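Structure first, commentary second.
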Amino acid sequence: MSLSYEIMAPTIERTPGFSDPSAPPWIAPSGHGGDHPGGVALAALAGLPFSSRFCSWTGLSGSRYVFSVYPASSCPAFCHAVLLAAVRDGPRRLRIVSVRDTGAFPEPVVARAQREFRAFGPGLEFHLHLLPSSPADRAATIADLAIAPR
């Protein structure tokens, strides 16, 4: 089972670390998506100095979601956002390892994700999607982005 997606964006520097026990139940699993499109750089920002700070992911439904990209070690804690943890396995290869709702108290959610995925080292990125306005919208986005294993 492969958990990888292709993305065309530069790498952001990160800090290595360690891993904690399994994730809490509000985290959606991700798996192999076959031909399912992954994260891509935003064409409208191509060539601009901040283009690597944004990317879009396409869900199973075909909907595209725009995310802000942060080094895992310095990701801001926004309330009621979708937090996607992705690992860069090469200059153009990015795979989802977790998708979760930050909820009303985002600091512990972000901190736990930083601890859980620190073992991925410098390839770890956190992507934040800020647009879903209700818990139902966030749950639908998370379900759409959490690729079920085949």
Side-chain angles (χ1 to χ4, degrees), residues 1-12 14 19-45 50-121 123-150:
M1 174 171 66
S2 170
L3 298 174
S4 62
Y5 298 96
E6 298 297 323
I7 186 167
M8 308 297 274
T11 302
I12 300 173
R14 286 139 217 110
S19 179
D20 277 354
S22 63
W26 66 84
I27 299 170
S30 26
H32 177 60
D35 295 329
H36 178 74
V40 295
L42 301 178
L45 301 179
F50 54 86
S51 64
S52 65
R53 297 288 315 262
F54 301 94
C55 89
S56 72
W57 290 89
T58 304
L60 289 172
S61 68
S63 295
R64 284 185 44 182
Y65 304 93
V66 175
F67 284 81
S68 299
V69 178
Y70 296 93
S73 61
S74 62
C75 181
F78 285 104
C79 293
H80 307 297
V82 174
L83 174 67
L84 184 147
V87 177
R88 189 172 297 280
D89 293 324
R92 299 181 182 269
R93 191 171 176 95
L94 192 63
R95 64 185 164 104
I96 296 173
V97 294
S98 172
V99 184
R100 60 184 78 187
D101 185 342
T102 61
F105 301 100
E107 291 84 359
V109 175
V110 172
R112 181 173 176 123
Q114 289 168 332
R115 289 189 312 270
E116 286 175 6
F117 302 114
R118 211 175 278 169
F120 286 110
L124 182 63
E125 298 178 356
F126 284 173
H127 297 200
L128 285 173
H129 180 61
L130 305 174
L131 296 178
S133 58
S134 71
D137 289 344
R138 287 188 301 280
T141 300
I142 290 167
D144 199 23
L145 290 168
I147 312 306
R150 287 184 181 192

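Quick note: numbers below take in every heavy atom, side chains included, and nothing from hydrogens, waters or symmetry partners. Bear in mind that the values here come from a model prediction, so they are computed numbers and not experimental data.
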Can you tell me if Ser61 uses its side chain to pair, donor with acceptor, with the backbone of Asp144 under 3.5 Å? no
Could you walk me through whether Leu94 and His127 pass the side-chain contact (heavy atoms from CB on, under 4.5 Å) check? CA-CA 12 Å; Leu94 192 63; His127 297 200; 3.7 Å; yes
How close do Thr102 and Cys79 get, counting heavy atoms only, and between which atoms? OG1-C, 3.6 Å
Leu145 and Phe67: CA distance, side-chain angles, deciding distance, side-chain contact (heavy atoms from CB on, under 4.5 Å) verdict: CA-CA 12 Å; Leu145 290 168; Phe67 284 81; 3.6 Å; yes
Can you confirm whether His80 sits close enough to Asp137 that some side-chain heavy atom of one is under 4.5 Å from a side-chain heavy atom of the other? no
Tyr65 and His129 aromatic ring geometry - parallel, tilted or perpendicular at 30°/60° bounds: perpendicular
Locate the shortest heavy-atom distance separating Arg138 from Ser133; write the atom from each residue and the value. NH1-C, 3.9 Å
Between Val87 and Phe117, does the side-chain contact (heavy atoms from CB on, under 4.5 Å) criterion hold? Intermediate values first, please. CA-CA 9 Å; Val87 177; Phe117 302 114; over 6 Å; no
Pair Phe54, Ser68 - check side-chain contact (heavy atoms from CB on, under 4.5 Å), show working. CA-CA 5 Å; Phe54 301 94; Ser68 299; 3.6 Å; yes
Could you tell me if the side chain of Leu83 sits less than 4.5 Å from the side chain of Cys75, heavy atoms only? yes
Could you pull out the closest heavy-atom pair between Pro76 and Leu128, with the gap in Å? O-CD1, 3.6 Å
So, taking the atom named CZ in Arg112 and the one named CZ in Arg100, what distance separates them when rounded to the nearest 0.5 Å? 7.5 Å
Closest heavy-atom contact between Ala146 and Leu60? O-CD1, 4.2 Å
Grab the two heavy atoms, one from Ala81 and one from Leu130, that are nearest each other, plus how far apart they are. CB-CD2, 3.6 Å
Answer whether the closest heavy-atom distance between the side chains of Ser52 and Val69 falls below 4.5 Å. no
